[in-house]
Protein chains: 2
Amino acid sequence: MDLTPRQAEILDFLRRHRDEQGLPPTRAEIVAAFGFRSPTAAEDHLRALERKGVIELRPGASRGIRLLERADEYLSEAVQLARREAANEASLPLVGRVAAGAPILSDPNVETRIPLAGDFFRPRAHFLLRVQGESMRDAGILDGDLLAVHQTPEARSGQTVVARLEDEITVKTLRLKGGIAELLPANPDFSPIVVDLSRETLVIEGLAVGLIRGGFGSPLVR
Amino acid sequence: MDLTPRQAEILDFLRRHRDEQGLPPTRAEIVAAFGFRSPTAAEDHLRALERKGVIELRPGASRGIRLLERADEYLSEAVQLARREAANEASLPLVGRVAAGAPILSDPNVETRIPLAGDFFRPRAHFLLRVQGESMRDAGILDGDLLAVHQTPEARSGQTVVARLEDEITVKTLRLKGGIAELLPANPDFSPIVVDLSRETLVIEGLAVGLIRGGFGSPLVR
DNA sequence: GGATGTGCTGTATGGATATACAGTGGTCCC
DNA sequence: GGGACCACTGTATATCCATACAGCACATCC
């Protein structure tokens with residue numbers, strides 16, 4: 001059963017009171033906070049919240065209000081968003097195979113999250129891309145490595161970019177010559193890709209800003 | 001001014017009560033927990049703790065006990081240790097230049113801590129070593145990279161090891177042939193190091209289990 | 001259209017709680 | 001040996017607090 005808006009307000013107050021004052025409120029304090037004129041108003045709300053299983057009341061005990069874990073499901077939208085953002089700031093999505101046409105950070109592309117903050121890298125990383133193939137071997141970027149990528153469409157000559165060419169994601173060094181873009185591998189076994197920008201579109205997904213090898217169940221040592 | 005042992009016990013109880021019950025105790029609950037026969041015993045202790053600045057008492061309010069941040073300085077040894085361990089588990093020490101003779105993880109060798117849990121790698125990493133030089137270039141290990149190291153003296157042929165040779169720390173691929181150990185670079189510009197184990201000692205500090213590039217103020221992109 | 005739930009007002013009360021006051025015995029310091 | 005702090009006992013009390021009881025208005029469900 002869901003909480004009413006008023007009940008959610010009361011629950012928010014309980015949480016705030018606990019976090020700011022270090023103890024649960026009395027009925028009288030709830031009354032004062034909401035401008036009620038009767039302690040029963042507070043009591044009724046507490047009973048309703050208990051019945052719905054989000055708090056626990058300890059009979060007889062002053063301030064005997066306990067927030068249960070389930071109460072977190074009823075966090076206000078704003079708080080939920082803030083929490084999710086805080087959690088995301090401490091981890092990076094790992095992008096594996098990229099489905100054709102889909103945005104690189106769309107749900108199906110994200111394999112998992114890696115517990116490393118994006119601003120560990122400079123400029124900050126927005127996601128990690130699992131490298132496929134040996135085309136950047138001589139730049140120390142190997143098959144299976146996780147490439148930290150700063151998501152931006154702006155790239156300059158000489159930077160290592162993550163680019164999308166006809167729905168293929170590729171990591172290369174960018175070279176711009178007038179209306180021509182060259183995507184240079186770092187491996188003599190591969191050939192440069194030449195893109196005539198007046199006829200084809202080259203989508204720059206981001207810049208390589210770092211690299212992780214050997215994490216997440218892909219042991220280097222056996 | 002320091003807390004007496006008894007006062008520290010009371011403070012511990014206050015913390016535990018808050019964490020387990022979700023609210024501070026009453027004087028009566030303190031009395032019950034410690035077997036006092038008078039509420040004044042509890043009151044006196046609370047006053048002493050307030051005078052020493054570790055808690056705050058709110059006059060008139062039931063359960064009006066607030067633990068101040070300074071109270072953390074008086075955590076029991078066991079709890080302090082547990083906290084420190086928890087914090088360490090979520091980060092790895094970064095070892096830069098290694099001073100001659102000193103253990104690799106001794107304080108002066110640790111530059112900083114990197115906010116990544118050691119068990120992100122398999123087997124788990126115990127520290128990160130800043131790579132110096134290009135001798136492992138063709139293995140994708142470049143100058144300035146942070147090498148994740150699993151600390152162990154056991155290594156087999158073919159593994160990438162962190163070894164100490166006459167107070168020099170080096171990263172190489174290990175090859176064992178009878179009584180001879182070879183430390184092989186992954187770069188034709190460098191020569192293998194041959195160690196006769198019957199005459200010299202080779203200290204294996206650990207195994208390379210991962211790698212991080214571009215983190216911590218060493219931007220790949222400018 | 002009665003039952004049920006929400007969201008209140010208003011009053012009352014017993015028991016829970018903080019807290020004052022008066023002691024005791026101990027230690028440590030000057 | 002007096003003064004401080006410590007660690008308590010024992011009693012008393014004003015007030016804080018949870019909580020019961022009696023209502024009212026409004027909505028929703030069957």
Side-chain angles (χ1 to χ4, degrees), chain A residues 1-14 16-18 20-68 70-71 74 76, chain B residues 1-14 16-18 20-68 70-71 74 76:
Chain A
M1 205 195 327
D2 242 16
L3 299 190
T4 67
R6 196 59 164 160
Q7 286 164 1
E9 275 184 66
I10 302 278
L11 184 60
D12 266 9
F13 173 73
L14 295 181
R16 212 168 51 245
H17 198 281
R18 181 198 56 186
E20 290 170 11
Q21 314 286 336
L23 37 59
T26 64
R27 272 64 165 168
E29 284 161 354
I30 299 175
V31 161
F34 285 85
F36 297 149
R37 312 186 67 177
S38 164
T40 311
E43 182 74 22
D44 284 353
H45 277 302
L46 293 177
R47 290 288 165 85
L49 289 172
E50 185 182 37
R51 194 154 29 78
K52 294 184 175 178
V54 294
I55 67 169
E56 194 181 295
L57 293 176
R58 298 171 47 176
S62 69
R63 305 177 186 273
I65 303 168
R66 174 172 218 173
L67 279 84
L68 301 179
R70 284 196 47 201
Y74 299 98
S76 72
Chain B
M1 206 193 327
D2 242 14
L3 299 190
T4 67
R6 197 57 162 159
Q7 286 164 0
E9 273 183 69
I10 302 278
L11 183 61
D12 266 8
F13 173 74
L14 295 181
R16 212 168 51 245
H17 198 281
R18 181 198 57 186
E20 288 170 13
Q21 315 285 335
L23 36 60
T26 64
R27 272 62 166 171
E29 284 161 354
I30 300 174
V31 162
F34 285 86
F36 296 150
R37 311 185 69 177
S38 164
T40 310
E43 183 73 22
D44 284 352
H45 278 302
L46 292 177
R47 290 291 164 85
L49 289 173
E50 186 181 36
R51 195 155 28 80
K52 294 184 174 180
V54 294
I55 66 170
E56 194 182 295
L57 293 176
R58 296 172 46 176
S62 69
R63 303 176 187 275
I65 304 168
R66 174 172 218 174
L67 279 83
L68 301 179
R70 282 197 48 199
Y74 299 98
S76 72

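Just so we're on the same page: letters track the sequence lines, and every chain starts at 1. Note that the structure is a prediction, hence the values are computed from the model and not measured. Hydrogens, waters and symmetry mates are skipped; everything else that's a heavy atom, side chains included, is used.
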Enquirer: With respect to the phosphate group of dT11(C), does any side-chain polar atom (N or O) of Ser38(A) fall under 4.0 Å of OP1 or OP2?
Expert: no
Enquirer: Glu43(A) has an atom CD; how far is it from atom P of dG5(C), in whole Å?
Expert: 17 Å
Enquirer: From the set dT9(C), dA20(C), dT9(D), return the single nucleotide nearest to any side-chain atom of Arg47(B).
Expert: dA20(C)
Enquirer: Over how many whole Å does the gap from Leu49(B) atom CG to dC8(D) atom P extend?
Expert: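 To the nearest whole Å, that distance equals 12 Å.
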Enquirer: Among dC6(D), dC8(C), dC8(D), which nucleotide sits nearest the side chain of Gln7(B)?
Expert: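 Closest nucleotide among those given: dC6(D).
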Enquirer: Got a second to check how far Leu23(B)'s CG is from Arg18(A)'s CZ, nearest 0.5 Å?
Expert: 11.0 Å
Enquirer: Need to verify one output field. Residue with the more 5' nearest nucleotide on DNA chain C, Ala48(A) or Pro39(A)?
Expert: Ala48(A)
Enquirer: Tell me the interatomic distance from Asp44(A), atom CG, to dG5(C), atom P, rounded to whole angstroms.
Expert: 13 Å
Enquirer: Of all the nucleotides listed (dT19(C), dC17(D), dT11(C)), which has the minimum atom distance to the side chain of Ser62(A)?
Expert: dC17(D)
Enquirer: Between Arg63(B) (side chain only) and Ser62(A) (backbone N and O only), is there a donor and an acceptor less than 3.5 Å apart?
Expert: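 Yes; judged by distance alone, with no hydrogens or angles, the pair exists.
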Enquirer: Output the rounded distance in Å from CZ (Arg6(A)) to P (dG5(C)).
Expert: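 Going from Arg6(A) (CZ) to dG5(C) (P), I get 21 Å.
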Enquirer: In whole angstrom, what separates Glu29(B)'s CD from dA16(C)'s P?
Expert: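 Rounded to whole Å, this separation is 11 Å.
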Enquirer: Distance check: side-chain N/O of Arg58(B) vs OP1/OP2 of dA18(C), anything under 4.0 Å?
Expert: no
Enquirer: Starting at atom CG of Leu57(A), determine the distance to atom P of dC17(D), rounded to an integer number of angstrom.
Expert: 16 Å
Enquirer: Measure the distance from CZ on Arg37(A) to C1' on dG7(C) and round it to the nearest whole Å.
Expert: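 From Arg37(A) CZ to dG7(C) C1': 15 Å.
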Enquirer: Counting only N and O atoms by type, is there a donor-acceptor contact under 3.5 Å from the side chain of Thr26(A) to the main-chain atoms of Glu29(A)?
Expert: yes
Enquirer: Tell me whether the OP1 or OP2 atom of dT6(C) has a side-chain N or O from Lys52(A) closer than 4.0 Å.
Expert: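 True: Lys52(A) side-chain N/O within range (under 4.0 Å) of dT6(C) OP1/OP2.
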Enquirer: Which one, dC17(D), dC6(D), dT11(C), comes nearest to the side chain of Arg63(A)?
Expert: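 From the listed options, dC17(D) comes nearest.
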Enquirer: Answer yes or no: does a side-chain N or O of His45(B) lie under 4.0 Å from OP1 or OP2 of dC8(D)?
Expert: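 Yes, within the criterion.
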Enquirer: Whole Å only: how far is the CD1 atom of Ile65(B) from the P atom of dT19(C)?
Expert: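 The answer, rounded to whole Å, is 10 Å.
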Enquirer: Is there a donor and acceptor pair, one atom on the side chain of Thr40(B) and one on the base of dG10(D), closer than 3.5 Å?
Expert: yes
Enquirer: In terms of relative ring orientation, are Phe13(A) and Phe34(A) parallel, tilted or perpendicular, with 30° and 60° separating the classes?
Expert: perpendicular
Enquirer: Whether Arg51(A) contacts dT6(C) is assessed here as follows: a side-chain N or O lying under 4.0 Å from the phosphate OP1 or OP2. Is that the case?
Expert: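 Checking dT6(C) against Arg51(A), a side-chain N or O does come within under 4.0 Å of OP1 or OP2.
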Enquirer: Please determine if a side-chain N or O atom of Arg27(A) lies less than 4.0 Å away from the OP1 or OP2 oxygen of dT19(D).
Expert: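 True: Arg27(A) side-chain N/O within range (under 4.0 Å) of dT19(D) OP1/OP2.
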Enquirer: Just how far is it from atom CD of Gln7(B) to atom CG of Leu46(B), taken to the nearest 0.5 Å?
Expert: 10.5 Å
